[in-house]
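Notes follow once the structure below has been shown.
The structure presented is a predicted model; accordingly, all values stated were derived computationally and were not measured. In listed order, ligands and their atoms are each counted from 1.
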Amino acid sequence: MKIGTIGAGNIGGTLGRAWAATGHQVVFGVRDPRGPKVQELVTATGGKARAASPAEAAAHGEVVLLATPWAAARAALGGAGDLTGKILVDATNPLQPDLSGLALGHTTSAGEEVARWAPGAKVVKAFNTIGAQHIANPRFGTQSASMLICGDDLAAKKTVLLLAESLGFDPVDAGPLRQARLLEPLAMLWISLAYAYGHGPDIAFKLLRR
Ligand SMILES: NC(=O)c1ccc[n+]([C@@H]2O[C@H](COP(=O)([O-])OP(=O)(O)OC[C@H]3O[C@@H](n4cnc5c(N)ncnc54)[C@H](OP(=O)(O)O)[C@@H]3O)[C@@H](O)[C@H]2O)c1
């Protein structure tokens, strides 16, 4: 698929690199496409991806990944152009600047705000509930980490479930986009367990079934 990213840091860079490795056509959308950081990333893909402006990356993508800090998300989306008809994967978490908690929740979510800011885009919330360091390898021993994914457009959500599965995740359809109100606190739980309550970042959530 054609995938564009808005942001190419820990999440955007890692996801884009992993998708490029599995054959997708990836364009990293960054403010400075000639900058050393993103050029290093492009080199790491073996030339399978390229860097461009966020607007060019978004225009390229059938799937567009939003992977900026929450405080920058609205402006970044504004600079990405018209996303009508595109699958917009929202990986952001609306963190307080000091990581002490979420800046919004209960009655809305970052995913729903993103959908309001990008009318016409098919917003799917995904890849926000695990540390970026596990994206390229979500295997933990004999198990795959679950990736909880929600969105209102069923075909768009299916596409993202398959993109997660192709990276080795156990994909879980978590329901409509308003479920982002639950997935974002789950990300906060991951962060607090990893960095405040002694479990360290080598952890992931798994939905068990029988
Ligand atoms: N890190 C994780 O483990 C993790 C896991 C799950 C979800 N998330 C969420 O994913 C999002 C990104 O996190 P990250 O760790 O990948 O952050 P990051 O490493 O700081 O990368 C952020 C990216 O966004 C770009 N950016 C910042 N402001 C922008 C703007 N106004 N317009 C366009 N691009 C802009 C940055 O570009 P410049 O280099 O030009 O500043 C950079 O490429 C956050 O919302 C975070 O909560 C992170």
Side-chain angles (χ1 to χ4, degrees), residues 3-19 26-42 44 49-59 61 64-81 83 88-105 109-114 117-118 123-138 145-150 160 164 167 169 180 183-196 199-205:
I3 301 176
T5 75
I6 303 174
N10 295 315
I11 279 286
T14 310
L15 271 171
R17 189 174 164 180
W19 280 327
V26 174
V27 176
F28 294 112
V30 291
R31 292 179 287 184
D32 179 11
R34 292 187 184 173
K37 202 171 148 198
V38 76
Q39 284 305 324
E40 205 175 293
L41 186 58
V42 167
R50 64 187 170 87
S53 69
E56 284 173 90
V64 178
L65 171 73
L66 178 63
T68 68
W70 176 241
R74 189 170 192 171
L77 273 177
L83 300 175
L88 178 57
V89 180
D90 172 32
T92 67
N93 281 311
L95 303 177
Q96 299 278 10
D98 64 357
L99 305 188
S100 62
L102 297 174
L104 55 82
S109 60
E112 290 161 281
E113 295 302 305
V114 164
W117 298 335
V123 177
V124 178
K125 185 92 205 178
F127 303 111
N128 69 309
T129 52
I130 194 170
Q133 58 270 56
H134 303 302
I135 293 281
N137 177 16
S146 293
M147 182 48 67
L148 295 137
I149 297 174
C150 66
V160 181
L167 298 180
F169 283 100
L183 297 195
E184 292 162 13
L186 190 62
M188 195 64 237
L189 178 65
W190 188 96
I191 292 166
S192 64
L193 292 176
Y195 298 114
H199 295 271
D202 281 338
I203 56 173
F205 295 121

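- The nearest heavy-atom contact from the protein to atom 38 (P) of ligand 1 is Arg31 NH2, 3.4 Å.
- Among Asn128, Ile130, Leu15, Ile135, the residue whose heavy atom lies nearest to atom 5 (C) of ligand 1 is Ile130.
- Under a 3.5 Å cut-off, the side chain of Asn93 and the backbone N or O of Leu95 do not form any donor-acceptor pair.
- For Gly7, no nitrogen or oxygen atom sits less than 3.5 Å from a nitrogen or oxygen atom of ligand 1, counting backbone and side chain alike.
- Inside a 4.0 Å radius of atom 32 (N) of ligand 1 there is at least one protein heavy atom.
- Aromatic rings of Phe127 and Trp19 (six-membered ring for Trp) have centroids within the 6.0 Å cut-off, being under it.
- Salt-bridge annotation for Glu184 and Lys125: present, with a side-chain N of the basic residue lying under 4.0 Å from a carboxylate O of the acidic one.
- The heavy atom nearest to atom 1 (N) of ligand 1, out of those in Leu77, Leu95, Asn10, Ile6, is found in Asn10.
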Exercise for review: Decide yes or no on side-chain contact (heavy atoms from CB on, under 4.5 Å) for Leu77 and Leu88, but give the supporting numbers first.
Suggested key: CA-CA 10 Å; Leu77 273 177; Leu88 178 57; 3.9 Å; yes
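- Closest to atom 43 (O) of ligand 1 by heavy atom, among Ala194, Pro69, Ala8, Ala187, is Ala8.
- Nearest to atom 11 (C) of ligand 1 by heavy-atom distance, out of Ile11, Ile191, Thr68, is Thr68.
- Here the side chains of Ile6 and Thr68 are in contact, with some heavy-atom distance below 4.5 Å.
- Of the heavy atoms in Ala91, only backbone atoms (N, CA, C, O) come closer than 4.0 Å to ligand 1.
- Residue Trp70 approaches ligand 1 through these ligand atoms, each under 4.0 Å from one of its heavy atoms: 45 (O).
- The parts of Ala76 lying near ligand 1 are both backbone and side chain, judged by heavy-atom distances below 4.0 Å.
- With hydrogens left out, the protein atom closest to atom 39 (O) of ligand 1 is Lys37 NZ, 4.4 Å, a heavy atom.
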